[in-house]
Undergrad: 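Just dropping this structure here.
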2 protein chains.
Amino acid sequence: MTATIRDVARRAGVSVATVSRLVNGTGRVREKTAERIRDAISVLGFRPNVVGRSLKTAHTMALGVVIPSMSNPIFADTVAGINEAARSLGYTLMFTSTDYDAAEEERAVSALLGYRVDGLILTVADPEHSTILDALDRDRVPYVLVHNQPSPRRRPTVAVDNVAAGRAVADALLALGHARVGMISGRFSASDRAEARHRGFVQRLAQLGAPPPAVREVSFLEQDMESVLAPLYTAGGEAPTALFCSNDLLAIAVIGALSRLRFQVPHDVSVIGFDGIAVGTHLHPTLATIVQPAREMGRAAAVKLTSRLAGREEPAVTILPHVLRLGESAGQAARRATDADNNLHGAQRRTPS
Amino acid sequence: MTATIRDVARRAGVSVATVSRLVNGTGRVREKTAERIRDAISVLGFRPNVVGRSLKTAHTMALGVVIPSMSNPIFADTVAGINEAARSLGYTLMFTSTDYDAAEEERAVSALLGYRVDGLILTVADPEHSTILDALDRDRVPYVLVHNQPSPRRRPTVAVDNVAAGRAVADALLALGHARVGMISGRFSASDRAEARHRGFVQRLAQLGAPPPAVREVSFLEQDMESVLAPLYTAGGEAPTALFCSNDLLAIAVIGALSRLRFQVPHDVSVIGFDGIAVGTHLHPTLATIVQPAREMGRAAAVKLTSRLAGREEPAVTILPHVLRLGESAGQAARRATDADNNLHGAQRRTPS
DNA sequence: AGCTTTCACGTAAACGTTTACATTTTTATG
DNA sequence: CATAAAAATGTAAACGTTTACGTGAAAGCT
């Protein structure tokens with residue numbers, strides 16, 4: 001069917017070795033023969049079979065990518081960055097998204113390993129207790145984590161400092177005068193970074209003597225945010241005036257739910273997200289958030305991985321800077337004074353059915 | 001390093017053929033030997049090398065995916081759908097995004113072909129005049145287009161009827177009383193679907209006796225939408241009261257730019273997008289749009305492709321239904337009457353610097 | 001001229017599978 | 001129990017490359 005190196009060799013009247021040398025630029029070949037070979041290649045439409053090559057060379061020039069979800073722009077952007085860097089380094093991507101399913105994580109990695117990708121870039125649910133990662137370490141499969149929270153084990157990682165960012169959110173909210181705050185987070189078991197953000201948040205709150213936040217863990221695919229929020233806001237005057245959401249998608253859903261519950265953002269409750277996805281700036285109110293340099297993180301991950309593949313020494317963990325973007329969704333806490341005063345806003349609220 | 005089928009065979013005291021048969025479930029093997037082999041496999045951590053297998057079997061169980069951009073949720077969702085279907089069919093994805101660069105399209109396909117993917121799923125700039133597609137046809141490489149506008153050549157495609165959708169937008173806008181409309185579109189040369197949407201739009205406008213729309217082609221990555229829009233709105237009373245944008249991302253940018261130009265959407269100008277990306281419903285005003293079933297389209301494309309690979313006959317083109325979602329960004333045209341009347345709103349507008 | 005290098009190229013053995021075909025073992029049959 | 005049929009397994013050749021090694025020719029040197 002499609003031409004092989006043998007066909008080319010025959011037509012050019014040389015041996016396959018010479019063709020291989022020309023194609024790969026390894027070893028010299030006389031200009032005259034080179035021309036004959038090039039001719040043969042173009043008339044036969046020869047395209048080197050990478051799988052044959054890979055079998056022999058024991059590397060595939062393919063990188064495996066495993067992320068939780070394609071539908072979250074933060075990951076899409078990360079992949080875009082990986083793609084960009086990988087391409088320019090001559091690598092191709094093999095890709096899977098797991099839809100936040102831990103079992104699927106394992107299947108995906110296993111499949112990729114079957115293809116003998118040269119390395120993996122992944123965002124896993126819980127790197128601390130990951131049998132997958134343990135297996136990769138054992139088998140000496142090169143990988144780098146992206147977005148996962150770096151831990152004492154110092155697995156190769158590109159991330160932001162989620163804990164510090166969580167603290168920053170606490171600072172910001174307190175500075176805006178919020179006394180009672182809450183957090184709506186994706187399941188910690190499905191996201192170590194959500195857990196890290198929470199940890200920083202709670203820690204700083206405690207440090208500054210604020211009461212601990214109400215925390216609600218939800219599925220990353222939560223459909224019915226109203227049912228999650230309603231209970232928080234039916235209890236007496238203790239409802240949080242600001243909500244930290246572990247990612248922007250959640251924050252957007254929360255803002256929608258709040259509005260259906262007849263709360264105004266930020267007047268009644270402030271909301272701050274995490275990620276800094278592009279659409280956040282187009283929302284109304286614009287979304288307050290911690291922005292991560294997603295595309296850059298992807299690039300950095302690809303570069304780190306390929307550097308390791310090339311045997312270059314690389315720092316295990318790269319922390320990229322995050323920045324707090326104070327959008328309109330986070331505002332001053334409602335005029336605080338007495339508890340009674342808080343109830344003045346009660347009229348605007350409605351106990352959900 | 002990692003165990004081969006030979007190692008397994010040796011340890012189990014059988015031949016490689018038997019191991020292969022067991023692993024692939026082809027041919028029978030006595031339960032007793034099967035057990036020995038399974039043991040050997042698990043202690044050696046044997047994982048069949050797909051590249052060796054691919055070389056022999058001449059198929060890779062890998063599908064190539066080439067799309068313009070990862071950062072547009074419509075494509076991200078499509079890829080999610082492809083991923084989902086491919087996975088359940090036992091295929092793995094090799095992935096590239098081109099960032100709307102036609103040259104990159106070619107490189108990407110070429111790379112993928114080098115890996116001998118079993119087939120390709122792609123969204124190209126211009127399927128009608130695509131040397132890439134011609135080459136694929138010539139070399140009998142199975143592929144299916146997704147999102148591209150089906151043409152008389154009936155290349156395998158999964159799409160919505162962009163022309164009909166364009167007409168639907170014209171109908172909707174006219175029904176809302178808009179007399180002068182415009183279109184902000186990604187470059188036709190970079191997107192046949194934008195061109196198709198435009199075609200339907202213009203066609204229906206003409207059919208109904210409305211004046212032809214002002215059309216502005218912009219880059220899909222346009223940063224400065226204000227400079228694009230400003231000229232449209234400095235000319236006398238001829239400015240469009242409604243803008244059809246060839247995709248939602250553009251529509252969002254347009255709404256932002258309009259607001260910076262001190263126009264209110266939809267009061268001063270209505271905006272309607274295309275794609276139906278999820279965030280549209282969270283915007284304020286919510287985004288009027290044509291919604292495409294992106295994830296489903298991805299799934300359908302993967303299914304169509306793999307069916308063809310399996311030799312099953314499949315209709316060449318699959319048209320999935322789109323639906324018009326009339327969000328808040330499209331409203332009644334400003335009270336029309338005399339031309340003079342239109343100028344009443346002039347006070348709210350400001351000629352940009 | 002004789003010698004050593006260097007250059008250009010060819011030969012053939014891998015790489016890890018699958019799979020026709022051959023061979024052995026087991027089972028069924030009379 | 002002999003034998004035929006069926007079942008289980010083995011042998012070895014491919015698949016398309018790369019690459020160590022070998023060889024002949026040309027070039028440089030004394």
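Please read these numbers as outputs of a predicted model, since none were measured by experiment. Just so it is clear: chains get the letters A, B, ... in the order the sequence lines come, proteins before strands, and each one is counted from 1.
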Undergrad: Is there a side-chain contact between A/Leu113 and A/Leu136, using heavy atoms and a 4.5 Å cut-off?
TA: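 Side-chain contact under 4.5 Å: yes.
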Undergrad: Check ring pair (Phe, Tyr, Trp, His ring centres under 6.0 Å) between B/Phe220 and all other residues, then give those that pass, not counting sequence neighbours.
TA: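 Per chain and number, B/Phe220 pairs via ring pair (Phe, Tyr, Trp, His ring centres under 6.0 Å) with B/Tyr100.
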Undergrad: List in chain and number order the residues that pass side chain to side chain contact (heavy atoms under 4.5 Å, CB included) with A/His59, two or more places apart in sequence or in another chain; answer none if no residue qualifies.
TA: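 Residues passing side chain to side chain contact (heavy atoms under 4.5 Å, CB included) with A/His59: A/Thr57, A/Met61, A/Asp118.
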Undergrad: Suppose we screen for ring pair (Phe, Tyr, Trp, His ring centres under 6.0 Å). Which residues come up paired with B/Tyr143, at least two apart in sequence or across chains?
TA: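 Expected list: none.
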Undergrad: Can you list everything that forms a side chain to side chain contact (heavy atoms under 4.5 Å, CB included) with A/Ala302? Sequence neighbours excluded, please.
TA: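 With neighbours one apart ignored, the set is A/Ile82, A/Ala85, A/Ile121.
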Undergrad: Atom OG of B/Ser69 and atom CG of B/Leu221: how far apart are they, to the nearest 0.5 Å?
TA: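 One gets 7.5 Å once the value is rounded to the nearest 0.5 Å.
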Undergrad: Can you list everything that forms a side chain to side chain contact (heavy atoms under 4.5 Å, CB included) with A/Pro293? Sequence neighbours excluded, please.
TA: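 Once residues adjacent in sequence are excluded, the partners of A/Pro293 under the side chain to side chain contact (heavy atoms under 4.5 Å, CB included) criterion are A/Val160, A/Glu296, A/Met297, A/Leu320.
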Undergrad: Under 4.0 Å from any heavy atom of chain B: name the first and the last nucleotide of DNA chain D that qualifies, 5' to 3'.
TA: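 Span of nucleotides near chain B: D/dA7 to D/dG16.
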Undergrad: Take the C1' atoms of the five end pairs on each side of the helix from C/dA1-D/dT30 to C/dG30-D/dC1, get both axes, and report the angle to 10 degrees.
TA: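 One end's axis against the other's: 40°.
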Undergrad: Does B/Thr4 reach a base, just sugar-phosphate, or nothing at all? Heavy atoms under 4.0 Å.
TA: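 Here B/Thr4 touches the backbone only, sparing every base.
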Undergrad: Sorted by first residue and then second, give each salt bridge (charged side-chain N to carboxylate O under 4.0 Å, His left out) pair with at least one member in residues 20-36 of chain B; sequence neighbours left out.
TA: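 Every pair satisfying salt bridge (charged side-chain N to carboxylate O under 4.0 Å, His left out) with a residue in residues 20-36 of chain B: B/Glu31-B/Arg38.
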Undergrad: What residues from residues 108-116 of chain B pass a heavy-atom cutoff of under 4.0 Å to DNA chain D?
TA: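 Per residue number, the list is empty: none.
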Undergrad: Output a table of nitrogen or oxygen pairs between the protein and nucleotides 8-11 of chain C separated by less than 3.5 Å.
TA:
from   : atom 1 : to      : atom 2 : distance (Å)
C/dA8  : O3'    : A/Arg30 : NH2    : 3.4
C/dC9  : OP1    : A/Thr33 : OG1    : 2.7
C/dC9  : OP2    : A/Arg30 : N      : 2.7
C/dC9  : OP2    : A/Thr33 : OG1    : 3.2
C/dG10 : OP1    : A/Ser15 : N      : 3.4
C/dG10 : OP2    : A/Ser15 : N      : 2.6
C/dG10 : OP2    : A/Ser15 : OG     : 3.0
C/dG10 : OP2    : A/Thr18 : OG1    : 2.6
C/dG10 : N7     : A/Arg21 : NH2    : 2.8
C/dG10 : O6     : A/Arg21 : NH1    : 3.0

Undergrad: Assign each of A/Thr57 and B/Lys56 to its nearest nucleotide of DNA chain D by heavy atoms, then name whichever residue's nucleotide is nearer the 5' end.
TA: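 Looking at the nearest nucleotide for each, B/Lys56 comes out on the 5' side.
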Undergrad: With a 4.5 Å limit on heavy-atom distance, are the side chains of B/Met70 and A/Asn83 in contact?
TA: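 The answer is no, as the side chains (C-beta and beyond) never meet within the 4.5 Å cut-off.
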Undergrad: Sequence neighbours excluded, which residues qualify as side chain to side chain contact (heavy atoms under 4.5 Å, CB included) partners of B/Ile37?
TA: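 Only B/Val8, B/Ala12, B/Val14, B/Thr18, B/Val19, B/Leu22, B/Ile41 meet the side chain to side chain contact (heavy atoms under 4.5 Å, CB included) criterion with B/Ile37.
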Undergrad: Check each residue of residues 39-49 of chain A for a non-hydrogen atom within less than 4.0 Å of any atom in DNA chain C, then write out the ones that pass by number, or none.
TA: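 Result for residues 39-49 of chain A: none.
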